[in-house]
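So that the names make sense, note that chain A is the first sequence line, chain B the second, and so on, each numbered from 1.
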There are 2 protein chains.
Amino acid sequence: MKIAIEPVRDRYLVEAVTAAGSEVVALDDAEALVWIGGPDGFPELGDDVRWVALSTAGIERFVDADVLDDRRLWTNASGFYAAGVAEHALALLLAGLRQINTAVREHWAKELIDPAVRTLRGSTVAIIGAGGIGRELAPLLKACGATVIAVNRSGREIPGADLTLAATRLDEVWERTDHVVLAAPDTPETRHLIDDETLARLHPHTWIVNIARGPLIDQAALCRALADGVIAGAALDVTDPEPPADDDPLWSLPNVIITPHVANPASGLTREMAPFLAENVRRHEAGEELLAVVTPGAGY
Amino acid sequence: MKIAIEPVRDRYLVEAVTAAGSEVVALDDAEALVWIGGPDGFPELGDDVRWVALSTAGIERFVDADVLDDRRLWTNASGFYAAGVAEHALALLLAGLRQINTAVREHWAKELIDPAVRTLRGSTVAIIGAGGIGRELAPLLKACGATVIAVNRSGREIPGADLTLAATRLDEVWERTDHVVLAAPDTPETRHLIDDETLARLHPHTWIVNIARGPLIDQAALCRALADGVIAGAALDVTDPEPPADDDPLWSLPNVIITPHVANPASGLTREMAPFLAENVRRHEAGEELLAVVTPGAGY
């Protein structure tokens, strides 16, 4: 098929499309569009374009900009970066448990750090919103000796987790878990999932990791809980807003680690995406169901 | 058997010894001594004491203080803390690859961090001095998608590693590996294993992790390599000396993470050691070979 790659003809994606037997063409001649930008500058599309492959994992900004329509098939990159994001989640959780935040800030603060070091071995970790990332993360946590509770909308079992619960049973998780990893999409249902009430049900040794979307956490409530020792710490790759304002209390709390939304670094993005794009091109040619089809109404 | 626990009767160890069917007694009546201190204050022992169980992983300080003799059996705690130390090594390596050092120091430095983020997936990690810690660490690295080269004195295969080499073949490792984890004892042979020459054979993206002993690294050479971009970074739980002096260049290099010798935190030490002590008591009663017997001449 004839595929346009816009707004730049990224070489990894050109190679992937060509290797899959398709032709890279200008948008005017295209039957499909691979779009590796944000919603700004997204082109007007004719009906010839039957499939648009977006390169982002989340599509909130495209939904907000009213880019999506029902005149063609849309895919995103959900799940394509799952293994890398899972690695980042593990890095954040271990950095918290091993007090690397304090170690970087304070020189050889052994009296502070030694009693605060925790281990994943024997602990329970809940992955809230366990889909592609959860499937990659669960075996990493298991290898480290943790028990994994996965929570997702359907309750469909996550291989590698010790227990998968449907989101309707989320209420049972808070007291049972030592640590929480947020991996859910940002929807009205998941907004402020972590708030005063849920924080109060967690433990003083709990670390919360967020590699999903900032609005899953009521950030003011989180700051209060962190300042009061309600939980031990938060390791966040996403915040609300991004970046946090210079005077946001998150910056001054010692038990916070913030990475600047790099769990899936833009620098390696198209290289990571290339094999999945190739697979989707193959599937499209074969008339098979595509990976990561967007359900516009669901917001992900 | 009759066992003394000195200089304090730690409750975890008393429970372990009692549960193993032995009796905790005063040193004067003891056939064995569990010593959970350093070499200072180590008591004069009569010939009735046939076994001394030290609680430290390394025994250099006991060797230097001339505490060890050949009139009885000595064991240390080598390997008892292996799983925890391996977890710390993984935490340090991932923290480096995921730029958590920069993230903690600089607010939302996305331009700096995004292109510098690396992944374990597809990388090669060499564990130099792969014994008990290496056996625990190899499967963690494998779970993260890395290829593991283990190097140890005997070349005896480390389960979970892709390749185990004898230390005589260490020379083959430097160019082949992406990252290096030091887990070797401090002996004349391992001193300054990382020096100008070996650093020059590593890669600009290489992170070095040291959870073993500071003197394995020529620290001045390391600082030069870090300042010049010869390697990407160093994540150290041990230094030479400990702590580094206030004006040590290690403190001012941005690509260094230093945790204050807490891979095996003292706070949880006896709890971690207890099951292994119980096992050694059982073995001693049964006339079986003990775990972690010290070979005084070898220095570990």
Side-chain angles (χ1 to χ4, degrees), chain A residues 83-84 86-88 90-121 136 139-145 235 237 239 242-244 246 248 250-251 256-269 272, chain B residues 83-84 86-88 90-121 136 139-145 235 237 239 242-244 246 248 250-251 256-269 272:
Chain A
E87 181 183 301
H88 200 79
L90 180 66
L92 287 174
L93 180 53
L94 284 175
L97 297 184
R98 293 285 168 172
Q99 290 289 302
I100 288 174
N101 52 320
T102 313
V104 170
R105 289 190 182 109
E106 314 258 0
H107 291 184
W108 207 267
K110 198 175 170 80
E111 296 72 20
L112 207 60
I113 292 176
D114 189 291
V117 167
R118 294 290 173 270
T119 177
L120 269 181
R121 284 172 303 128
E136 298 286 342
L140 302 186
L141 295 170
K142 293 295 294 174
C144 290
D237 189 53
T239 57
E242 286 179 13
D246 283 341
D248 193 302
L250 276 182
W251 291 125
V256 172
I257 299 170
I258 300 175
T259 53
H261 207 141
V262 292
N264 173 32
S267 311
L269 188 140
E272 294 270 316
Chain B
E87 181 183 302
H88 200 79
L90 180 66
L92 286 174
L93 180 54
L94 284 175
L97 297 184
R98 293 287 169 169
Q99 290 287 302
I100 288 174
N101 52 320
T102 312
V104 170
R105 289 191 182 107
E106 314 256 1
H107 291 184
W108 208 268
K110 198 174 170 80
E111 298 71 20
L112 206 60
I113 290 176
D114 189 291
V117 167
R118 295 289 174 271
T119 177
L120 269 181
R121 283 172 304 127
E136 297 287 343
L140 303 186
L141 295 169
K142 292 295 295 175
C144 291
D237 188 53
T239 58
E242 286 179 12
D246 283 343
D248 193 302
L250 275 182
W251 291 124
V256 172
I257 298 169
I258 300 175
T259 52
H261 206 139
V262 293
N264 173 32
S267 311
L269 188 141
E272 293 270 315

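Most heavy-atom pairs under 4.5 Å with chain B, from the set A:Asn101, A:Leu120, A:Ile257: that is A:Leu120. The choice from B:Ala95, B:Ala266, B:Gly145, B:Ala86 that makes the most heavy-atom pairs within less than 4.5 Å of chain A is B:Ala266. The candidate from B:Pro260, B:Pro139, B:Ala83 with the greatest count of non-hydrogen atom pairs under 4.5 Å with chain A is B:Pro260. Per-residue counts of heavy-atom pairs under 4.5 Å with chain A were compared for B:Ala103, B:Ala91, B:Pro243, B:Pro244; the largest is that of B:Pro243.
Residues passing the salt bridge (Lys or Arg N to Asp or Glu O under 4.0 Å) test with B:Glu136, sequence neighbours excluded: none. For A:Lys110, there are no side chain to side chain donor-acceptor pair (under 3.5 Å) partners at least two apart in sequence or on another chain.
Remark: of the listed residues B:Arg98, B:Glu87, B:His88, B:Glu87 is the sole one forming a side-chain contact (heavy atoms from CB on, under 4.5 Å) with A:Leu94.
Nearest heavy-atom pair, A:Trp251 versus B:Trp108, reported as atom, atom and distance to 0.1 Å: CH2-N, 3.5 Å. A:Asp114 and B:Pro265 make their closest contact through OD2-CA, 3.4 Å (heavy atoms, listed as atom of the first residue, atom of the second, distance).
Taking 4.5 Å as the limit, some side-chain heavy atom of A:Arg105 sits within range of a side-chain heavy atom of B:Val104. Taking 4.5 Å as the limit, every side-chain heavy atom of B:Thr259 sits out of range of all side-chain heavy atoms of A:Ile113. Taking 4.5 Å as the limit, some side-chain heavy atom of A:Cys144 sits within range of a side-chain heavy atom of B:Leu90.
Proximity to chain A (any heavy atom under 4.5 Å) is restricted, for B:Ala109, to the backbone atoms N, CA, C and O. Of the two parts of A:Ala263, only the backbone, made up of N, CA, C and O, holds a non-hydrogen atom closer than 4.5 Å to a non-hydrogen atom of chain B. If you measure heavy-atom distances from B:Ala116 to chain A, you find no contacts under 4.5 Å at all. For A:Glu272, the part lying near chain B is the side chain, with the backbone staying farther off; criterion is any non-hydrogen pair under 4.5 Å. Residue B:Asp248 does not touch chain A at all, counting heavy-atom pairs closer than 4.5 Å. Using a 4.5 Å cut-off between heavy atoms, A:Leu93 makes no contact with chain B at all.
Considering CD1 of B:Ile258 and NE2 of A:His107, their distance stands at 7.5 Å, rounded to 0.5 Å.
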